[in-house]
Structure formats: structure tokens, C-alpha cells
Protein chains: 2
Amino acid sequence: MQQSFMPEIAVCDCESIHEDVVAAVRGQLPEEDLMIDMAEAFRIFGDSTRVRILFALKAHEMCVCDISVLLGMTKSAVSHQLRILKQVNLVKYRKVGRVVYYSLADEHVKTIFSACMEHVMED
Amino acid sequence: MQQSFMPEIAVCDCESIHEDVVAAVRGQLPEEDLMIDMAEAFRIFGDSTRVRILFALKAHEMCVCDISVLLGMTKSAVSHQLRILKQVNLVKYRKVGRVVYYSLADEHVKTIFSACMEHVMED
DNA sequence: TTTATGGTTGAACAACTGTTCAACTGTTAG
DNA sequence: CTAACAGTTGAACAGTTGTTCAACCATAAA
């Protein structure tokens, strides 16, 4: 969701110094909604608990209890994060009796993780 | 950064149901620090203001004033975000008189944005 | 020197976020 | 049925975050 107390009208406190550049760049910017969606997607990955859960599920399908033990967290904390990952379709689940098995929903995660890992490694 | 009131000892509230799976996955997980660094990197991209600034700089080098006008934000707000992007080496700058020109520091941003854009597009 | 302006900075504030806790649901075992 | 347990959920709380505001620094123009 982001900070949602943005001003209704976009206001800045100066005149543009290079109007030509601003006009040109304005023409090249992606749709506002796309940039917001991208930020939203990145935000999901911007928490180490969620990253750890995703790496775990990348290795193997697991139930909440197992993830809980693996990461040393309560089932509740894990469940809350799984709900977020489920909402954005990054993980899926199947129920077997009282046990719920979670797994990655698609291959995107792996692609994005690889691209990011290179970036992190370089610094 | 992150939430820093984590418990000293990792505690969970159950026994593992599939010990073999947990053991196997534990062996495949990346270093804890790597996962934290990855989350940290994603966190930077997880804000639409920063994403918009990066897209703008991807198109052309710009001064704070121009970005300010382009995005309809105060110079202060832009400057604060540029400081964050500077700290993690995503943008660099050069001064000409009182004007500070910002630009992307490397090609990583473009790679990561491309990978993410595909993901966002699909939904 | 004085004034104006591009840009930075730190404090303050409201909104947001992740974990904890307790209560709860649903399924299995006795 | 009852007890146990995997998992979920919502409220509460402390910590974090982004924008605003005011003060400030540095350079350029007058």
C-alpha cells in the first residue's frame, strides 16, 4: 500500500532548469501504474523473512510447521507472511488433513532472485 | 535495518513434522547474510518514488530541480530519496556550480527492472 | 557584501509493517 | 464426544519509513 497520505495535487518548490530534458524524460517514463506495481512487487521481496521463506520453498515444498522450525519462528509469524505471499501469487498450497503444504507458485521468483543475487554479490 | 527487535534465540512453537525435508532444505539455504542483503536490496526498490526517480535517471541525467518538477515533489523529498539511492550506489552525481546532476551508477538497475517488469506484466 | 537560489539536512509526524499473543477453526486420534 | 494439534486470524505494540517543515550550506549574480 505505501504511504497513502500523498498530497492531492503534485507540488514542487522550484522551476525546471532544463525544461527540454524534463519534457523528453516525461515522454519516456512508463505508465504511473506500472511503476507503482513494480515498487509493490519489490516491496514484497524487501523483507528477509519472506526472502528466507521463498528460498526454503524454492528447495522443497513444506508445511508451516517445518518452515517454522527451519527459520526458528512461530507458526503464527510464518503464517502471516505466507498469507502475504499467497495474496500476490508467489506461493500456492495444498491441504492434506490438517497439514498445509506450501510451494512456489511459478518460476518468476527464481528468475528475479538470480538477477538480484548477481547485484548483491558484486558490491 | 529491518525490524531489529528479533528474539536473541530462534524459537518456534512446534516440532518438525518432516525432519528429513527440513534437514535437506537447511543444507540448501544460502548464507543468512546473503538473504538479508537481498531483502535489503529489494527494499530499496520497494518504494514508488525511488522507482520513478530511477526510471527518470535511466532516461537522462538530471538535476534535483528537474526531478522535482518531473515528479511533482519538493526538492527536499527528492533529495532525501537520492541520498538513499546514493548510499547503496545506485546513483552517482556531479556538481556544476550549484547544480547537482544525478545519473544511474551502473547497469544493474536496468537488468533488475527488466526482470521485474516481466513479472508485473504477466498478472 | 548582499541577495537569490540549488541543494542538503535533521527533527517531527503520521502511516505502515512485522512479530507477538490469545483466541479460534478444522481435522485427526483416542 | 473429547483432547490434541496444524494452521489461521485480528488486535496490539514497537520499530521503521517517507514527507514536510524550517534551518542551513554553498555558489552565483547584483
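Quantities reported herein were computed from a predicted structural model and do not represent experimental measurements. Atoms considered below: every heavy atom in the structure, side chains included; atoms not considered: hydrogens, waters and symmetry mates. Numbers restart at 1 for each chain; the letters A, B, ... are given by sequence-line order, proteins then strands.
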Taking 4.0 Å as the cut-off, does a side-chain nitrogen or oxygen of [X] come that near to OP1 or OP2 on [N]?
X: A:S79; N: D:dG7; answer: no
X: A:Q81; N: C:dT19; answer: yes
X: B:R83; N: C:dG7; answer: no
X: A:S76; N: C:dC21; answer: no

Nearest atoms (heavy-atom pairs only) where [X] meets [Y]:
X: A:V99; Y: A:C63; value: CG1-CB, 3.5 Å
X: B:A56; Y: B:L70; value: CB-CD2, 3.6 Å
X: A:L104; Y: A:K58; value: CD1-CA, 3.6 Å
X: B:F45; Y: B:V51; value: O-CG2, 3.2 Å

Nearest-neighbour nucleotide for the [X] side chain, [options] considered:
X: B:A77; options: D:dA28, D:dT19, D:dT8; value: D:dT19
X: B:C14; options: C:dT17, C:dG7, D:dA6; value: D:dA6
X: A:I17; options: C:dG7, D:dG7, D:dC21; value: C:dG7
X: A:V64; options: C:dT8, D:dT8, C:dA4; value: D:dT8
X: A:V100; options: D:dT19, D:dG7, C:dG18; value: D:dG7
X: B:K75; options: C:dA4, C:dG26, C:dG7; value: C:dG7

Query raised in the report: Think A:K95 forms a cation-pi with A:Y101, using NZ or CZ under 6.0 Å from the six-ring centre and within 45 degrees of its axis?
Result: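 No, A:K95 does not lie over the aromatic ring of A:Y101.
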Query raised in the report: Is NZ or CZ of A:K92 both nearer than 6.0 Å to the six-membered ring centre of A:Y102 and within 45° of the ring axis?
Result: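 That pair does not qualify as a cation-pi contact.
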Query raised in the report: Is there side-chain contact between B:I67 and A:V25, with at least one heavy-atom pair below 4.5 Å?
Result: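 Counting from C-beta outward, B:I67 and A:V25 never come under 4.5 Å.
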Once you round it to whole Å, what is the distance between [atom2] of [N] and [atom1] of [X]?
X: A:I84; N: C:dT17; atom1: CD1; atom2: P; answer: 8 Å
X: B:I53; N: C:dG7; atom1: CD1; atom2: C1'; answer: 14 Å
X: A:F42; N: D:dG18; atom1: CZ; atom2: P; answer: 15 Å
X: B:D66; N: C:dG6; atom1: CG; atom2: P; answer: 10 Å
X: B:R98; N: C:dG6; atom1: CZ; atom2: C1'; answer: 6 Å
X: A:L71; N: C:dT20; atom1: CG; atom2: P; answer: 12 Å

Query raised in the report: Does A:G97 or A:E15 map to a spot on DNA chain C nearer the 5' end, using the closest nucleotide for each?
Result: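 Result of the comparison: A:E15.
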Report task. Could you pick out which residue, B:K86 or A:T74, lies toward the 5' side of DNA chain C when each is mapped onto its nearest nucleotide? Result ->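 Nearest nucleotide further toward 5': that of B:K86.
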Report task. Could you go through the side chain to side chain donor-acceptor pair (under 3.5 Å) check for B:S16 and A:D66 one step at a time? Result -> CA-CA 5 Å; B:S16 168; A:D66 290 338; 3.0 Å; yes
Report task. Classify the nucleic acid contact of B:L82 as base, sugar-phosphate or nothing, counting any heavy atom under 4.0 Å across all strands shown. Result ->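 It contacts nothing in the nucleic acid.
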Query raised in the report: At under 4.0 Å between heavy atoms, what does B:Y102 touch on the DNA or RNA strands: base, sugar-phosphate, or nothing?
Result: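 Here B:Y102 touches the backbone only, sparing every base.
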Query raised in the report: So how far off straight is the helix from C:dT1-D:dA30 to C:dG30-D:dC1, going by the axes through five pairs at either end, to 10°?
Result: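 Computed from the C1' atoms at both ends, the axes differ by 10°.
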Query raised in the report: Is any N or O donor-acceptor pair between the side chain of B:H80 and the base of D:dT20 shorter than 3.5 Å?
Result: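 Present.
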